[in-house]
Amino acid sequence: MKDENCIFCKILAGDIPSYKVYEDDEFTVILDAGPATRGHALIIPKDHYKNLYELPEELAAKAFVLGKKMITALTKALGCDGYNLVQNNGAVAGQTVEHFHLHLIPRYEGDDAGFGWHMGSLDAEDAQAILEQIKGAI
Ligand code: AMP
Ligand code: ZN
C-alpha cells in the first residue's frame, strides 16, 4: 500500500535517498533530515497510513514496541541522557508528512531542542465539563 505523492513512500521505495538505521518486515527507521538533536530518527511503517487514526492497531502496538527497542539500543550507542517519542497527527499538531511516523528524539543534557508546551491549569469546573463531553466516546 503506497501513495505515489508521499515522500516517505518514495524513500521506502528507494527513489529518494535516506540514512537507514534499521529495517524489518513492517518498518524502516531512518535518520530525520531536519534533526531536533543529533541522532533524531523516524520509525516509518512500510505501508502508507496517513496518521495514527488510520494505522491498524496491531501496527500501532508494534511501532511502540520497536520504539522501546530502538531507544534502548540507541541510548547506549549515542550516549544520550533521555529520549522523547513524538507523534504528530494533523497539520494543527505539526504533522508535515502525511504518512504515519514516530519520532525518536535523543535528548542531551543542555541541548536546545526546546519543544514542549506552556503549562496551563485545570480547574474543577472545566475538568467536569471535559469528562461530560467525552463520556461514552471511549
Ligand atoms: P512531522 O512534522 O511530524 O510530520 O515530521 C516530518 C519529519 O520528516 C520532519 O522532522 C522532517 O525533518 C522529516 N523529513 C522530511 N523529509 C525527509 C527526508 N527526505 N528524509 C528524512 N526526513 C525527512
Ligand atoms: Zn506514504
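Throughout, numbering of the chain's residues begins at 1 and tracks the sequence. The model shown is predicted, which means the values in this text are computed figures rather than measured ones. Counting convention: from 1, in listed order, for ligands and their atoms alike.
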Query raised in the report: How open is the angle at the Zn ion (ligand 2) from atom SG of Cys9 over to atom ND1 of His48, rounded to 10 degrees?
Result: 110°

Query raised in the report: Which of the atoms in ligand 1, numbered in the order shown and given with their element, are less than 4.0 Å from a heavy-atom of Gly94?
Result: 1 (P), 2 (O), 3 (O)

Query raised in the report: With atoms numbered from 1 as shown, which atoms in ligand 1 lie under 4.0 angstrom from a non-hydrogen atom of Ile11?
Result: 18 (C), 19 (N), 20 (N)

Query - Ligand-residue contact atoms, ligand 1 with Gly34, heavy atoms, under 4.0 Å - result: 12 (O)

Query raised in the report: Is any side-chain N of the basic residue among Glu23 and Lys46 closer than 4.0 Å to the acidic one's carboxylate O?
Result: yes

**Report entry** Per-atom contacts of ligand 1 with Ile30, taking only distances under 4.0 Å to non-hydrogen atoms
**Finding:** 21 (C)

Report summary line: Any heavy atom of Phe8 under 4.0 Å from ligand 1? The part involved is side chain

Query raised in the report: Is the His101 to His99 ring centre distance short of 6.0 Å?
Result: no

Report summary line: the Zn ion (ligand 2) has as its nearest N, O or S atom from His99 the atom ND1

Query - Close-contact set for ligand 1 against His101 heavy atoms, below 4.0 Å - result: 1 (P), 3 (O), 4 (O), 5 (O), 6 (C)

Query raised in the report: Looking at atom 17 (C) of ligand 1, what's its closest protein heavy atom, distance included?
Result: Ala33 CB, 4.0 Å

Query raised in the report: Hey, does Gln87 sit under 4.0 Å from ligand 1 if you only count heavy atoms?
Result: no

Report summary line: One finds that the ligand 1 atoms under 4.0 Å from a non-hydrogen atom of Leu31 are 21 (C)

Report task. Could you check atom 4 (O) of ligand 1 against the protein and tell me its nearest heavy-atom contact, residue, atom and distance included? Result -> Thr96 N, 2.7 Å

Query - Closest approach of any protein heavy atom to atom 11 (C) of ligand 1, naming residue and atom - result: Asp32 OD1, 3.4 Å

Query raised in the report: Nearest protein heavy atom to atom 16 (N) of ligand 1, by residue and atom, and its distance?
Result: Ile7 CD1, 4.0 Å

Query raised in the report: What atoms of ligand 1 come closer than 4.0 angstrom to any heavy atom of His103?
Result: 1 (P), 3 (O), 5 (O), 7 (C), 10 (O)

Query raised in the report: Hey, which of Leu85, Leu59, Ile43 is the one that makes side-chain contact (heavy atoms from CB on, under 4.5 Å) with Phe64?
Result: Leu85

**Report entry** Side chain to side chain, Phe8 and Thr28, heavy atoms closer than 4.5 Å
**Finding:** no

Query - Side-chain heavy atoms of Ile11 within contact of Ile30, under 4.5 Å - result: yes

